[in-house]
Every structure is written in C-alpha cells, then in structure tokens.
Amino acid sequence: MGIKASPTAVLQYGDHGGAVGYLVGEENRGLEYMFIMMNAARFAVGVQGIAIAERAYQKAVQYARDRVQSRPVDGSLNAAAPIIHHPDVKRMLMTMRATVEGCRAMSAVAAAAYDAAHHHPDADVRKQNATFYEFMVPLVKGYSTEMSLEVTSLGVQVHGGMGFIEETGAAQYYRDAKILTIYEGTTAIQANDLVGRKTARDGGNTAKAIAAQIAGTEAELRASGSAHAVAVAQRLAAAREAFVDVVDFIAANTRANPNAAFAGSVPYLMLAGNLMAGWQMGRALLVAEREAAAGRDVPFMQAKISTARFYADHILSRAPGVRDAIVEGHAGVTEMAVEAF
Ligand SMILES: Cc1cc2nc3c(=O)[nH]c(=O)nc-3n(C[C@H](O)[C@H](O)[C@H](O)COP(=O)(O)OP(=O)(O)OC[C@H]3O[C@@H](n4cnc5c(N)ncnc54)[C@H](O)[C@@H]3O)c2cc1C
C-alpha cells in the first residue's frame, strides 16, 4: 500500500517529555489504514485456530488408536477394541477432521483472493477479489476460531478422563483456543463487521454474488452424478438458501430494527462461515473425484470425498436451523427485559 510517514506533517506534543507524533499517510484516513493491519491480524488469528484444531485432531487420532475400551457394537471382536472402532469416536474424529479441512480450504481461498486483489493485472478482477476477501476476513477469524473450540473440546472428549486432567496436553489446546475468539476483536465484533460493513452497507449484494457462485458449484456437483456429489449439492443448496434468507433479513433490518438484526449477528457469521467452508469442501470433492478416476493418490482422494460428504451431512446441515433462529427467533433474544436477568 506504501503508506509513508510524512516528514512535512510532524506534530509536536508539549506534554510531559515532549514526545513527537508522526502523521502516517494522509489525514482522516487513519481508520482505513488501521484496518489493513487489523485484517491481517484477524486473518492470522483465524489460521491460528485452524492450526490448533489440526494439532488437537492429530493427537486425538493417535490416542483413539491406542486406547482400548469396550467391545465393538457390531460384535466383530470378542474382546475390547481400540476406541477408534466405536462409531461415536469415529463421529467425533470425523467432525474434527471435516471442520479443520473446511476451515483450512476457506482460509486458503481467502488468501488467494488477497493475492489477486493486489497483483492481478486486471483492475476489475482486483476489485472483485478485494471485495470477496473483505467479506471473508470476519468469517476466517470468527468461524475458524469458534470451530477451533468445538474441535479442541472434542479432542478432550476423545481422551475421556485422561483429556480432562492436564497430563495429555489435550485440555491445553482447548484452553489455548479460547483466547482466539477474544483477541483481535471478539466473535461479536467480527459479526458486527459482517452485518454492518460487509452486508447491510451494500444491501447484501456481495453476499448474494457469492451465493450465485455457490449455486454454480452445486450445478457442477449435480452434473458429476456420483451419489456423494449429488448429496453434497443438496446440502449446499439448502445452506445457500438459508444464507440468502438471512442476508435479506439483515439487509432489511439492520437500520429498521437493529436489535432484531444484531440478535442474529453471531449466528449469521456462523452460518456464513459454515457455508463458505462447506462450499470449498464441495469444490474439493469435485477435484478429488477427477483425480481418483485418473488413478492419482487414490486413498487420499477417497478420504477427501468421504470427508466432504461428512461435512455436508453433519455440519452444513446445521445451516437451515440457524436460519430459523435468526429470521424467526430474534424476539426470543430481544423480548426479555434487561431487568429480568
Ligand atoms: C491474552 C490476551 C492478549 C491480548 N493481546 C492484545 C494485544 O496484543 N494488543 C491489544 O491491543 N489488545 C490485546 N488484548 C486485548 C483484546 O483484544 C481484548 O480483550 C478484546 O478485544 C476484547 O475486549 P475486552 O476485553 O475489552 O472485552 P469487552 O469489549 O468488554 O467484551 C466483553 C463481551 O461483550 C461483548 N461486546 C462488547 N461490545 C460489543 C458490541 N458492540 N456488540 C456485541 N457484543 C459486544 C464482547 O463480544 C464480549 O463477549 C489481549 C487480550 C488477552 C486476553
């Protein structure tokens, strides 16, 4: 961006020790400049959440392979088995894995948009990417860090009692993840940014342009024709429609009925983050199907396809319920008098 401290605009402060203040860049653009730093910091904290969640996942997998407890429910073994064989432990591990992969893909797509926003030769493409990146920053920060809490909490759960006591290190990940939803702006502050600057200000146009791109991915998934791809397309469509309903609600109410709109701000952020991550999982599934069909890295590609399907059925499927809470449930937040708490 090339912001420089101007030697012609040195402000002298006489108070106390006579510290010198330098004007950085142009007058009255300080807030805009500050957001260059803040966006970078917020993006980095989002990536921190993904990193700690990945570590918690790796540790949980290792423990689930080692820890022997209870016979398998399907009777396949007449003795206690490593807990990774129990369906609920697999569900927890899949939730951790799918969440991490979805958030990581979302952050990589946002990072690529940042690069294109600065280096693409076409000015229109630069502008489109800048707008997309700006929309994504509160999601990478807010959704990835909130989800890192779910993932690290599941990491403790996979370890059972051994997870709760500090010896294994699983609880330390959970504790360390908690700061991520607080510093560089709490989740609610990310959500305020998403509602105000990123959605209401342009009447929901950016959000709906992204929704149109997601509809394009759904069409590709349906055209691919595999059972997994068609199932993911259905979940993606339901989540996208829920998102568009919420965007309309936010655009219509942020000024007219701000308490109602902001009652749903964090749920909206969570729905949007879930959708963006799920969209990338759908795109990953398409690539993985092509690569597997070509015989390249087949076990990795099959695992990616299974993980994308899991994400759609178990995580993306939360989106319509969140839509209902925001659009139909806002009075449940606002009607309780402050004195009644
Ligand atoms: C370990 C640690 C390291 C830190 N490092 C730094 C650092 O290096 N540099 C730095 O500048 N700061 C740092 N901070 C400060 C951190 O950024 C703040 O704690 C954070 O921004 C939250 O502000 P607060 O603590 O004043 O909470 P508050 O603003 O009091 O928030 C309390 C609660 O109210 C909610 N809330 C507040 N306002 C709104 C609103 N308008 N709408 C909806 N909800 C709202 C919040 O979401 C939160 O749930 C650090 C904090 C910690 C704990």
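Start at 1 and go down the list; that is how both ligands and their atoms are numbered.
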Do any non-hydrogen protein atoms sit less than 4.0 Å from [atom]?
atom	value
atom 10 (C) of ligand 1	no
atom 18 (C) of ligand 1	no
atom 31 (O) of ligand 1	no
atom 13 (C) of ligand 1	no
atom 35 (C) of ligand 1	no
atom 40 (C) of ligand 1	yes

Protein contact of [atom] - nearest heavy atom, named by residue and atom, plus distance:
atom	value
atom 23 (O) of ligand 1	T186 CG2, 4.9 Å
atom 20 (C) of ligand 1	I182 O, 3.5 Å
atom 37 (C) of ligand 1	I189 CD1, 4.7 Å
atom 43 (C) of ligand 1	A188 CB, 3.7 Å
atom 15 (C) of ligand 1	Y183 CB, 4.9 Å
atom 53 (C) of ligand 1	I179 CD1, 3.3 Å

- Record the part of N192 in heavy-atom contact with ligand 1 below 4.0 Å; permitted values are side chain, backbone, both and neither. side chain
- Query: Does atom CZ of R126 have more than 12 heavy-atom neighbours from other groups under 6.0 Å away?
  - Reply: yes
- Closest non-hydrogen contact found for T199 with Y268 is OG1-OH, 2.8 Å
Salt-bridge contact [X]-[Y] (side-chain N to carboxylate O under 4.0 Å):
X	Y	result
E291	R296	yes
E134	R201	no
K127	D124	no
E101	K304	yes

- Just which atoms of ligand 1 are under 4.0 Å from any heavy atom in E184? 17 (O)
- Task: Over 60° means perpendicular and under 30° means parallel, so classify the ring planes of F43 and Y133, tilted if in between.
- Result: tilted
- Aromatic rings H118 and Y114: how do their planes relate, parallel, tilted or perpendicular, breaks at 30° and 60°? tilted
- Main-chain N/O of G185 paired to K141 side chain as donor or acceptor, under 3.5 Å: yes
